[in-house]
Amino acid sequence: MTKADVLEVPSPADFHVHLRQGEMSELVTPHVALGGMDLAYVMPNLVPPIKSADEAMAYQASLEKLAPSTRFLVTMYLSPELTPDEIRKAAKAGVRGVKSYPRGVTTNSDGGIEDYEMYYPVFAAMQEMDMVLNLHGELPSDAEKGICVLNAEPLFLAHLEKIHRQFPQLRIVLEHATTRAAVECVKRCGDTVACSITPHHLQLIVDDWAGKPLHFCKPVAKTPDDRAALREVIREGHPRFFLGSDSAPHPLASKYPSPSSRNNSTEDLVKNCGCAAGVYTQPVLLPLCATLLESFGALDKLAGYVSENGRRFYKESATPGRTVKLRRSTEADAHVPAAYVHPASQSKADGDASKLQVMPFMAGQRLGWVIDA
C-alpha cells in the first residue's frame, strides 16, 4: 500500500448532526464515532424542542452517557420563549449556538420562525456572548407567493443578508446550502458568515430524490449546476465552507410509509402520505466524504472540509494527537450495511412497522475509502 492509498485526517468534526431521543438516540449516537467523527454539533429539534439552557445541558449529558468518547456541542431552538437573559445563561453553561427553523419546512419545525426582526434582542445578546446563529435557509412553501421547495432557499437569502448587516459581528452559519446562489451569497458576506455543506448534496440532484424516499431531505437537492457550485467551493478550499452532514435518521417505516404503518384514516393517508425528510450518513461519514471529494478532484481538501475550516469558524481546537486513518478500500472490504437496527428490534420481522431500523445513504455500495482500525 502506497502513501496515495492512506490518508490521515486530524480530529474530524461534524457541525450539523441530528441525534434524536429515546431508542433512536440509543441507536445512532454511537455512530458519530463509528463514522470517524471526533466532535458533533447537535441540533435541537426534538419533541419538544430544546428551548432553554437547562434542557440543552441535560440533552448533552444524555448523549455523553451514550457515547463518552465523543465531544458534543449542543444548541437551542429559536422560539418566542428564548430571551436575552437565557442566551447569556446558556453561553455561560456551554451552549454553543441557536438554530432557526422557518415554520414547517422540515422535521419538527411546526414552531418555527415567521418574523426575524422580533428576535433582534436575542441576536444582539448572541453577538455579545459570541454564540453562533444557525439558519435553516428556506422559506415556507406558499403557492400564492410562488414559493416551493425548489426556490425556497434562494428566496431566503435576503433574510440572511439583512441579519448580517444588522449584526455584523454575529457569527452566522447558513446550514446545508444547496444552490449556487447560496454559495455566492455567503462568499459576499464578511468573515462572520459561513456555510455548511452536506456530503449527500455533493452527490445528489433533483432527479435522485424525485420518487426516491431515501434521498428526500430538506432542503431538497437541486440542479446539476447547483451541485457543481457546491463542489467548486469545496475544491477551491474556501475557509468558510465546511462539513455539516445534516445526518438525519428516520425509521425505515417513516421513509417508506404505508397504510399498515399508520394508525390513520384513509383521508389522513391521502393528505399526509409523504415520507420523512432526511438522509442518514453518520455511520459512514468520513469514508463517504473522502469517496465523494475524490470523485470530483478535491481529495486534497478533505482535512479542510471535515475538520479545519469548521473548527476555525467555531473556535474549536482539534483534539491533541487525535487523527483518523483512512485507507483505500479493496474488494475484501464490506459494503455499506443495508440497515442499522436497534438491538431491541433485532428479532422483529422486516415488515413489522415497529421495528426500529434506519437505512444509510449508499446502502449496499462499497465506498472508495474505509477507516483503518
Side-chain angles (χ1 to χ4, degrees), residues 8-19 29-44 50 53 56-57 59-64 66-77 87-100 125-136 169-177 186 189-199 233-234 237-247 281-282 285-286 289-290 301-324:
E8 289 194 0
V9 184
S11 202
D14 183 353
F15 284 100
H16 188 125
V17 183
H18 295 275
L19 296 178
T29 301
H31 290 174
V32 175
L34 181 65
M37 295 294 118
D38 190 37
L39 178 151
Y41 187 82
V42 189
M43 297 296 106
I50 295 173
M57 301 316 295
Y59 185 48
Q60 179 176 312
S62 72
L63 298 174
E64 291 171 343
L66 292 170
S69 65
T70 301
R71 177 161 165 70
F72 297 101
L73 304 179
V74 289
T75 58
M76 298 186 300
Y77 192 103
I87 288 293
R88 296 183 183 95
K89 176 182 176 182
K92 292 175 182 177
V95 178
R96 302 306 299 277
V98 174
K99 179 67 182 290
S100 166
M126 292 177 63
Q127 182 173 252
E128 171 195 340
M129 301 304 294
D130 198 27
M131 289 182 73
V132 176
L133 175 62
N134 301 96
L135 295 176
H136 183 120
Q169 299 308 311
L170 174 64
R171 284 185 292 154
I172 302 173
V173 177
L174 179 65
E175 298 290 355
H176 39 53
V186 171
C189 292
D191 290 342
T192 55
V193 177
C195 179
S196 66
I197 295 178
T198 79
V233 79
I234 297 301
H238 195 291
R240 288 187 281 119
F241 292 79
F242 47 76
L243 172 64
S245 72
D246 192 22
S247 180
T281 56
Q282 205 73 66
L285 187 53
L286 186 58
C289 290
K301 301 301 192 298
L302 181 65
Y305 173 57
V306 304
S307 179
E308 296 163 354
N309 295 350
R311 286 184 174 277
R312 185 184 308 112
F313 187 82
Y314 277 91
K315 304 179 182 180
E316 276 294 322
S317 300
T319 303
R322 164 71 167 158
T323 60
V324 179

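Scope of the values below: all heavy atoms of this structure, side chains included, with no hydrogens, waters or symmetry mates.
Using a 4.5 Å cut-off on side-chain heavy atoms (C-beta onward), V186 and V233 make no contact. Contact check for V95 versus M131: side-chain heavy atoms found under the 4.5 Å cut-off. The closest side-chain heavy-atom distance from L73 to E316 is below 4.5 Å. Two residues are said to be in side-chain contact when any heavy atoms from C-beta on lie closer than 4.5 Å; V32 and L19 meet this criterion. By the 4.5 Å heavy-atom criterion applied to side chains, P199 and L243 are counted as neighbours.
Between D191 and R240 a salt bridge is recorded (basic side-chain N to carboxylate O distance below 4.0 Å).
A donor-acceptor pair under 3.5 Å links the side-chain atoms of R171 to the main chain of D130, judged by distance alone.
Atom SG of C289 is separated from atom CG of D14 by 8.0 Å, given to the nearest 0.5 angstrom. In this structure, CZ on F72 lies 9.0 Å from CG on L39, to the nearest 0.5 angstrom. Between the CE atom in M76 and the NZ atom in K99 there is a gap of 14.0 Å [rounded to 0.5 Å]. With rounding to the nearest 0.5 angstrom, the CG atom of L170 is 12.0 Å from the CD atom of E128.
Using cut-offs of 30° and 60° on the angle between ring planes, the pair Y41 and Y314 is tilted. Ring geometry, F15 versus F242: the interplanar angle exceeds 60°, so the pair is classed perpendicular (tilted spans 30 to 60°).
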